[in-house]
Amino acid sequence: MADHDRRQPANNRKRRYREDDDYDRRPQRRRYDAPLSVRIRKQLLTLAESPVRRWHEEVQSIAHVVADNYEDQELRTSFLELVPQMVVEQPLKTPFVAAVVLVVNSLRPEILDELLTRVANATEEKVKVGEWRDVKLYLKFLACLQSCLEGEGLFPLLEELFSRAVDLQTASSDDTIGTELVKMILLTIPYIMATAPTQWQQKAAELMDKTDVIASEPHALQVLIDPYHAEEGTESPTANMSLIGLLQKQLQVEALNGWELSCLPRPWQMPPEEIEQQEKLDNAQKHPLPSIPIPEKVATGPRPLFPEIYFSVYVDQDIESVPPVSSIASSLIRDGLLDTINILDFNRGATARFLIDVDCYFSPGTFVKRATPFDRLRDVDGDRSTWKPEDVAVDAVFSQLFALPTPEHKLVYYHSVLTEACKIAPAAVAPSLGRAIRYSYQNTHRLDLELCHRFLDWFTHHLSNFGFMWKWTEWVDDVNLPDMHPRKAFILGALDKEIRLSFAQRIKGTLPAPYQGLIGPEKEQDTPEFKYNDDHTPFAADGREVAALLKRKATDEEIQPVIDRIHSAALDLSIDPLVSSTDVFMTAVCWVGSKSLSHVLACIERTKDRLLDAGAASEAARAQIITAVVAYWSAHPGVAITIVEKLLNYSIITPGAVIEWALVGDRAGPYGQALSKPWVFELVFNTVVKVTSRLRQVINSGASDGTEGEVTGTRELFKGMEDALISWAQGTKDQMMDPIVSDGGEDLVKRWGERWLRVFRRRSAIEETFLLENKTTS
């Protein structure tokens, strides 16, 4: 201390203040121990998430704390509420949650009675309202508890569900609730058999004999929702891929193999060193399953039900990177992943994490090590699995992207899940996505046309999140294909969408030389040229004058004399005066509003009355409004589509006018070329969706006024589309008789017509089914 004093005199303020700084005068935080209920909740919620922790240790740790502290009211309530909640929110963890419950039962049996009552009540409520996915998930949980249920356990309930399915199928072969019930039964059986395969073989066999009647019969709607539209003389790759049909066959194979079910985890089976705990589990008290009544008339539920088809983007590979359809693992793993994806739509990050960690929730050895390159799968020894967890996860998301007639959530949600998965594990997921993209691209010619456009939207959106980088050199040979070839049409559509999401110069910078010519100089202009700046264009002076008047927000009275001059000049030239003035006026509106969407909307709002009068005056004028918009924005069709949709909202043009413009004449492209243009399909599809959404809105509101008119209008729209498309599909369209498109080109046009026709016949059938269910007739 003396030495210290000699080195540092007492009056050294600088040193004194520095010592004050070194000493932390803040009060030390009191150590906080979370309540027991909070700790158990956290442990349950993270159950099985780590590949490092051993299942049986996690299960026993949680179970012992719950059993030892069951008198703690807060802990008991938290446990009894959390278990049923996890069953329907984190379905991949159901076997592990069930294992915790089974160990708790071996220690404190009275807990299970209360839990079973809660789950039975929740199941009954879900049955009443037709929430069939939640019913399936509760049954899956109860199936995992089969070993601690008295008597035949869950089988009587499954028998009752089957009897309802038979009643529904007998009443109508088009029924979808009955097939949903059979699917639930078939997905529940494996979890019962995983608990005690030898004990329930006879009961399972008897039940499967019954389900075979319904499961093996193709559903009437299956053809409509097949993701492939096979060409004449060929068979769809998914022609025999009905989900319940596959499940039935897979379970029959498992039965012959002694219910091996090698992919399912069995966390209730303890390792040899835990023999004492295993004996307790084997001799634990059994409990009666509370009654779960199934009403005579079952509810349809809030979600429309359709038969399901098993779809995969990893078929026909040299090496299996996903479970084959002959294996029950393909259905069980896919089912768990789809439930997770569709339940957790509120948190795409959590969903992506579950997908990446899928190998944690199935038996060891089910998958190869994460991020194993596809080429290395050839080196896997003997009978070991070659299934890549990333491929299985990506396949599940693509099955939803390509689900017909429509997936459960907005398509952008599935886009975001794949984006998140790529960000979490880029080295593992990106190669799997690459192979999925290549498969989909190579099959664009036979994929359903609606699915081709979903793939196009996802592909471009995904690239936009990763610098628009793709190995375009792989497709370079397709650049020289005719524009109407499905693969060339996809390339053109992808480049257009990319430019919409960025700008032309940047996209050109990502493309190899052969693609550069596909992006013309006009696409690099932010504002298209105003055609009336060229004096050689008819009505050039009048067009410039109208534009100037619109720019300074002149009144209608000031504009009218110019319109009258155009009418007079058009009559002298023996052309339709209304079409001529409409073309000048609408083109001027587009030019004045070309700065932004808000500018063009403001301009349309100011000139709405004149446009409404023009649109109401004649069919040709309505068509010219659309032609003027599309012609002005020809280099950026996405902008044109947006403006046309706004014109529809203002009722300046009608849905029928859009359909006629796109499909009846050759305004959107000569000789049927419009059918191959992705933006034309987008325009027509969005128009149809707008009409059908309006119809559903009116019917769901319960209002009687206007309902009949909406129904009639929708049916007339679909009839107009049918009439327009069937002539393209059959090759009887006048434009197809032109010698220019003979020599093989007409076959492409016919094929495009068939693909369009299939999409909109399906949309029409869905709306008719909706009207029938709501007992609405025109």
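None of the values given here were measured: they were computed from a predicted structure.
- Using bins of under 30°, 30° to 60° and over 60° for the plane-to-plane angle, the ring pair W55/F96 lands in the perpendicular bin.
- Here E498 pairs with nothing under the salt bridge (charged side-chain N to carboxylate O under 4.0 Å, His left out) rule; sequence neighbours left out.
- The CD atom of E274 lies 12.0 Å from the CD atom of E279; values are rounded to the nearest 0.5 Å.
- Annotation: Y191 is not in aromatic contact with F141 [ring centroid separation under 6.0 Å not met].
- At least one donor-acceptor pair closer than 3.5 Å links the side chain of Q146 to the backbone N or O of L154.
- Residue I275 places its CD1 atom among 12 or fewer non-hydrogen atoms of other residues, nucleotides or ligands, all under 6.0 Å distant.
- Ring pair W458/F398: centre-to-centre distance below 6.0 Å.
- Q222 contributes no side-chain N or O that, together with a main-chain N or O of N240, makes up a donor-acceptor pair within less than 3.5 Å.
- In terms of heavy-atom proximity, T444 sits nearest to C452 at O-SG, 3.3 Å.
- Relative orientation of the Y439 and Y228 rings is perpendicular, given thresholds of 30° and 60° on the angle between their planes.
- If you look at F490 and F455, their ring centroids are closer than 6.0 Å.
- Heavy-atom minimum distance, L44 versus M86: O-CE, 3.1 Å.
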- [ ] Could you give me the CA-CA distance, side-chain angles and deciding distance for W259 and W200, then say whether ring-ring contact (aromatic ring centres under 6.0 Å, His included) is met?
- [x] CA-CA 10 Å; W259 294 100; W200 304 110; over 10 Å; no
